[in-house]
Protein chains: 2
Amino acid sequence: MATVQEKNLGLTWLENSGLRPTRQRVAIAAHLVGDGQHRHVTAESLYADVCKAGESISLATIYNTLRAFCDAGLVQEVTVDGARSYFDTNTHDHPHFYWEEDHRLSDAPLEELEISALPSAPAGTEIASVDVIIRLRRT
Amino acid sequence: MATVQEKNLGLTWLENSGLRPTRQRVAIAAHLVGDGQHRHVTAESLYADVCKAGESISLATIYNTLRAFCDAGLVQEVTVDGARSYFDTNTHDHPHFYWEEDHRLSDAPLEELEISALPSAPAGTEIASVDVIIRLRRT
DNA sequence: TTAAGTGCAAATTATTTGCAGTAAG
DNA sequence: CTTACTGCAAATAATTTGCACTTAA
């Protein structure tokens, strides 16, 4: 079960979004931002977390909630692997490490990435964002 | 139907892979590399192409063949969109444009990309590859 | 001749949706 | 009270697989 502080942090975070803070959303928010750290979850991994903590939320609601958070700009979807979607609580444009063996995603330090030249957008288009994913394998 | 030249190009390409050049694979290869250009296909888009050309190949074989080509290093899988997989006949590490409206993937000019600093791989890991996807939206 | 490849249809996986019930403002 | 949210179960979409049949070597 999430602590009171975790719930409060999650609640504050939710309130800036216009989404109704229901029991389920507050619980999910507590799991996502409760400790002030950024997190990278899949629907399934979050569901497992929430269940392990003794909260009861249906998987469909996890999916719907992640989608709602994403639409509200609270989290960002990251596609790496084709099969599953990751949701990142860090919504700034930043690079990711992808641990191929573990199917795990984590932040890479933004300050260590420097792109000195970028292909320019073709006529009639603009760059919406640049995804940088650094794939890691164990040595 | 693919021309003789297209088939020959595809055949040559196939032969360097150890894969048995069956009727279906030669046809697919002709569609992929027949004109010497790089291509970015999904299983469905390739299936549509092949059907339109009057060749008859089952969708399952398209999937299996793309997977086999991928394992053989003839094409490379690119993940952008979560839902579908793209296969790229350009197997060198290079950046991509992703046209968000059209769900279309294309090569971005490699020589216009310059990464002057990259986060270093965490201890016990090495960088397998770096995916750079430039998301475009129409202006 | 024989192991690899093909093509259905059924299975799997990740995700979404319809809809009746529940709860927040 | 009213509208948004939740949770099941069924639907969907992309992809894989089991298995009998075909074909390249």
Side-chain angles (χ1 to χ4, degrees), chain A residues 7 10-12 14-31 40-51 54-72 74-87 103-105, chain B residues 7 10-12 14-32 40-51 55-72 74-87 103-105:
Chain A
K7 281 203 181 144
L11 199 54
T12 309
L14 255 181
E15 271 162 3
N16 303 320
S17 71
L19 290 173
R20 193 181 281 186
T22 64
R23 189 201 97 224
Q24 292 84 338
R25 286 177 179 173
V26 174
I28 290 175
H31 278 271
H40 302 79
V41 303
T42 61
E44 287 286 353
S45 79
L46 181 56
Y47 183 56
D49 266 21
V50 163
C51 288
E55 329 239 16
S56 152
I57 302 179
S58 87
L59 183 56
T61 297
I62 298 274
Y63 273 105
N64 292 158
T65 301
L66 283 173
R67 187 65 51 215
F69 284 8
C70 206
D71 292 346
L74 290 174
V75 300
Q76 211 179 292
E77 193 169 3
V78 182
T79 293
V80 194
D81 164 293
R84 68 194 93 249
S85 276
Y86 293 80
F87 294 87
H103 304 286
R104 211 165 53 74
L105 192 71
Chain B
K7 281 204 180 144
L11 200 53
T12 309
L14 254 182
E15 271 161 3
N16 303 320
S17 72
L19 290 173
R20 194 181 279 185
T22 64
R23 191 200 96 225
Q24 292 84 338
R25 286 178 178 171
V26 174
I28 290 175
H31 278 270
L32 287 178
H40 302 80
V41 303
T42 61
E44 287 287 352
S45 80
L46 181 56
Y47 183 57
D49 266 21
V50 163
C51 287
E55 329 239 16
S56 151
I57 303 180
S58 85
L59 183 55
T61 295
I62 298 274
Y63 274 105
N64 293 158
T65 301
L66 284 173
R67 186 66 51 215
F69 284 9
C70 206
D71 292 346
L74 290 173
V75 301
Q76 210 178 292
E77 193 168 4
V78 183
T79 293
V80 193
D81 163 294
R84 69 193 91 250
S85 275
Y86 292 80
F87 295 86
H103 303 284
R104 211 165 52 74
L105 192 72

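To find a chain, count down the sequence lines: A is the first, B the second, and so on, and within it residues start at 1. Note that these values count all heavy atoms, side chains included, but never hydrogens, waters or copies made by symmetry.
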Roughly how many Å is it from [atom1] in [X] to [atom2] in [N], rounded to a whole number?
X	N	atom1	atom2	answer
A:Asp81	C:dA14	CG	C1'	11 Å
A:Tyr47	C:dA14	OH	P	14 Å
A:Ile57	D:dC8	CD1	P	12 Å
A:Ile28	D:dC5	CD1	C1'	11 Å
B:Leu66	C:dT6	CG	C1'	15 Å
A:Asp71	D:dC5	CG	P	11 Å

> For C:dG7, does either OP1 or OP2 sit under 4.0 Å from a side-chain N or O belonging to B:Ser58?
Replying inline: yes
>> Looking at C:dA23, I'd like to know if its phosphate oxygens (OP1 or OP2) sit under 4.0 Å from a side-chain N or O belonging to A:Gln24.
In response: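 No, outside the criterion.
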Do [X] and [Y] have side chains that approach each other closer than 4.5 Å (heavy atoms only, starting at C-beta)?
X	Y	value
B:Ile62	B:Gln24	no
A:Leu14	A:Leu74	yes
B:Arg104	B:Tyr86	no

> What string of B, S and - do you get for nucleotides 10-24 of chain D, 5' to 3', if B is base contact, S is sugar-phosphate-only contact and - is no contact with any protein heavy atom under 4.0 Å?
Replying inline: ----SBBB-----BB
> Going from CD1 on A:Ile28 to OG1 on A:Thr61, what distance comes out if it is rounded to the nearest 0.5 angstrom?
Replying inline: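 Reported to 0.5 Å precision, the distance equals 7.5 Å.
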>> Please report the interatomic distance CG(A:Asp71) to OG(A:Ser17), rounded to the nearest 0.5 Å.
In response: 11.0 Å
> How far apart are the closest heavy atoms of A:His31 and A:Leu46, and which atoms are they?
Replying inline: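 Of all heavy-atom pairs spanning A:His31 and A:Leu46, the closest is CB-CD1, 4.1 Å.
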>> From C-beta outward on A:Thr65, which listed nucleotide comes closest to its side chain: C:dG5, D:dT6, C:dG7?
In response: D:dT6
